[in-house]
Amino acid sequence: MAGTRRRPARGEWTAWAGELRALWTAPVWGAAAAVVLLALALAVRLWMSGASYGVLDPSVSALTSLPSALRAAAWQFATLLGLVLTGVVVATGLGQTLEGGTWSALRLFENRVGVLWARKAGAALALSLAGQIVTGVLLWLATSALARLWPVRPRAVAPGFAGGAAPTPPPLPVDPLPVESATWGQAAGAIAAALLVQLLFVSLAALAAALLRSVIGTLALGIGPLLVTAPLVLLPAAPFLPHRWIADLLNLPPEAQYQLYLWNQAPPDPAPLTGGLALAAAAAVAATAAWAGLRSERSLRPVD
Amino acid sequence: MNRLVRAETRRLLRHPLGLTLAALFVLGSLYCAWVSQSMASYNITQVQANLDFLPESCDSPRNTPEQKAGCLAEVPLQAVGLERIQDRFTAEGVRAAQAQHPVGSLLWTVRLLTSVPGLVLLVMVAAFSVAGEWSRGSIVPILLYESRLGRLLAAKALAVWAWSLVLLCVSAAATAAFGLLYGRGAYPLPSPGALGTVLADTALGVLAGAAVLAGAAAVAVALGALLRQPMRTFLAGMLLLVLVVRTSAAPGLGAWLPGGALADLVGFGAVDGVWDHFWISTDPSTAPVLLRVLPTLALIGLLWLGLDRFNRTRDRA
């Protein structure tokens with residue numbers, strides 16, 4: 001009927017949820033579990049190595065507060081671990097659909113490529129958000145347990161050479177919430193920033209899937225260029241690279257490098273607004289290019 | 001068989017995925033060559049400057065005569081220490097200088113290709129070429145042409161190996177061009193040796209590297225045929241690679257395991273600043289390396305025998 005507004009059918013909502021269910025595959029959950037375990041292992045290793053010496057990096061001891069742990073999880077998901085996980089997710093979802101030839105079947109039911117693409121991206125971002133929250137909570141639980149089991153205590157001082165016992169220094173006060181702790185607002189900001197970075201990763205991987213139409217092609221072209229060009233941040237071209245924009249936006253602290261995030265650079269003078277705008281523009285360009293690639297007739301033919 | 005190998009090789013060499021992976025590897029290889037030459041040249045220059053300054057280091061006007069005498073007495077000891085450092089940096093420089101040599105660049109590149117970056121690419125190509133056939137459904141027409149799956153997989157393994165050898169040549173040519181046109185001028189390094197020595201070292205290194213690549217292609221293709229899904233093949237390959245690298249340093253046994261044996265076979269040394277980040281042989285053994293490779297060869301043979309037996313029964317309804 002003309003003039004009536006079309007209400008979203010129940011089937012459309014289930015289609016959106018179905019995309020998330022479709023990601024329930026062994027490779028995706030295996031990769032997600034590996035990322036979470038690796039993030040936990042890094043934090044636990046740092047705690048164990050520091051606690052025995054009575055010295056703990058403030059960025060690690062701050063993880064005993066939930067907002068700080070969530071912020072650390074957001075850092076992990078917006079850097080190398082998140083990039084790899086996104087590559088696996090998009091390759092398993094969109095890449096497999098294109099390689100197996102089921103994309104053309106999907107188009108028979110929903111010819112609006114933008115909607116299909118938005119569902120895939122939405123599912124990947126929802127998975128990323130869930131992964132960040134789970135990782136953050138696990139980091140918080142693990143470090144809280146460690147704080148009870150292996151509290152940071154100064155080492156006992158050996159007796160002096162003269163035979164007399166050296167005076168034992170008083171135990172160091174362990175501040176449960178050091179200055180590096182994040183507020184809930186900072187944690188929410190970091191998670192939002194990580195989702196923007198994830199959108200860029202998802203768009204780049206989808207563009208790779210549209211171009212190469214294969215699982216391995218999605219992995220190679222979705223992850224490879226960012227990994228291979230990572231060392232270029234050492235050159236004067238750094239301000240024009242997405243690696244630098246990511247570090248700018250997340251305000252990655254240099255002292256937590258290779259501890260709470262795996263990334264190549266933490267800029268001394270971060271410009272979050274510039275980084276955020278540049279990332280948003282790059283994500284928009286990549287998403288549009290992926291949409292155009294997925295609309296083409298080429299995407300309907302299975303790869304040779 | 002020959003036609004199959006030729007067709008598969010042609011397909012891999014022309015496919016956008018093969019070209020993409022090759023471009024990524026060449027770029028990464030160039031970066032590694034640049035960093036290793038820059039670091040080696042800087043280190044050699046710095047240690048030489050320190051050695052040159054050493055005799056004058058005690059001449060500070062702030063030094064009392066006693067302090068100056070004490071300082072002069074320590075100069076020979078410091079010189080010995082610096083000369084040791086200089087020897088190590090020179091050895092690093094000689095290895096980095098291979099990337100500036102038209103022939104030696106092959107040896108330099110084969111070490112990168114047989115380390116983690118190259119082996120990851122090999123797993124990706126095998127996952128696409130073998131597991132992808134099942135994923136895309138194109139295995140059926142191929143089996144109509146060649147119904148013996150073992151021969152088909154052997155042809156694919158040979159094609160993946162040939163692709164890696166072509167990549168080796170292309171990447172070595174790019175590295176040599178960079179070294180000759182820019183590296184030699186910007187980063188002066190000690191000579192990699194006489195032409196005969198470089199030729200002999202390169203021939204041995206490339207032979208060993210080609211053997212490692214053949215073994216890696218055989219394992220990657222077998223994984224793809226076992227799992228029949230590209231993503232699972234890739235993830236399983238990565239897990240296997242992590243296992244190989246991590247066990248290479250196992251005390252007492254590492255030299256006999258695939259990681260340690262292959263690192264010694266190709267000649268990963270303690271002075272390669274680039275690829276040692278990925279793969280270190282820290283379990284030296286007096287047993288000949290060719291003997292230590294035998295367990296790895298036996299494992300690969302068993303894998304293929306098991307795959308053959310499994311394939312005879314798994315598709316029967």
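Because the structure is a prediction, the values reported are computed rather than measured. Chain A is the first sequence line, chain B the second, and so forth, proteins listed ahead of strands; every chain is numbered from 1. No hydrogens, no waters, no symmetry mates; every other heavy atom, side chains included, goes into these values.
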Inter-residue atom distance [X].[atom1] - [Y].[atom2], 0.5 Å rounding:
X: Ile216(A); Y: Leu121(B); atom1: CD1; atom2: CG; result: 11.0 Å
X: Leu212(A); Y: Leu19(B); atom1: CG; atom2: CG; result: 10.0 Å
X: Leu17(B); Y: Thr218(A); atom1: CG; atom2: OG1; result: 9.5 Å

* Using non-hydrogen atoms and a limit below 4.5 Å, what part of residues 178-189 of chain B faces chain A? ->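 Checking residues 178-189 of chain B against chain A gives no residue, so none.
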* Sorted by number, residues from residues 231-240 of chain B in contact with chain A (heavy atoms, under 4.5 Å) ->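 Residues Met231(B), Arg232(B), Phe234(B), Leu235(B) are the ones that qualify, each having a heavy atom under 4.5 Å from chain A.
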* Contacting moiety of Ala26(A), where chain B heavy atoms sit under 4.5 Å ->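 When you check distances to chain B, atoms from both the backbone and side chain of Ala26(A) fall under 4.5 Å.
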* Heavy-atom proximity to chain B below 4.5 Å, by part of Leu232(A) ->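 Neither part.
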* Engaged part of Leu21(B) at the chain A interface, taking heavy atoms whose separation is under 4.5 Å ->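 Only the side chain of Leu21(B) comes within 4.5 Å of chain A.
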* Asked: What part of Thr20(B) gets closer than 4.5 Å to chain A, counting heavy atoms only: side chain, backbone, both or neither?
  ->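 Just its side chain gets close to chain A.
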* Minimum heavy-atom distance between Glu99(A) and Pro230(B), given as atom pair plus value ->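 Reported closest heavy-atom pair: OE2-CG, 3.8 Å.
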* Asked: Counting only heavy atoms not in Arg295(A), do more than 12 fall under 6.0 Å of its CZ?
  ->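 Check fails, neighbour count at 12 or below.
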* To do: Answer yes or no: are there more than 12 heavy-atom neighbours, outside Trp161(B) itself, under 6.0 Å from its atom CH2?
  =>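 Atom CH2 in Trp161(B) is not packed in, count stays at 12 or less.
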* Asked: What residues form a ring-ring contact (aromatic ring centres under 6.0 Å, His included) with Phe89(B), not counting sequence neighbours?
  ->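 Phe89(B) satisfies ring-ring contact (aromatic ring centres under 6.0 Å, His included) with no other residue.
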* Asked: For the candidates Thr92(A), Leu219(A), Leu221(A), Leu211(A), which exhibits the highest count of non-hydrogen atom pairs separated by less than 4.5 Å from chain B?
  ->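 So the answer, after comparing Thr92(A), Leu219(A), Leu221(A), Leu211(A), is Leu219(A).
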* Asked: What residues of residues 201-208 of chain A sit under 4.5 Å from chain B when only non-hydrogen atoms are counted?
  ->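 Listed by number, there are no contacting residues, so the answer is none.
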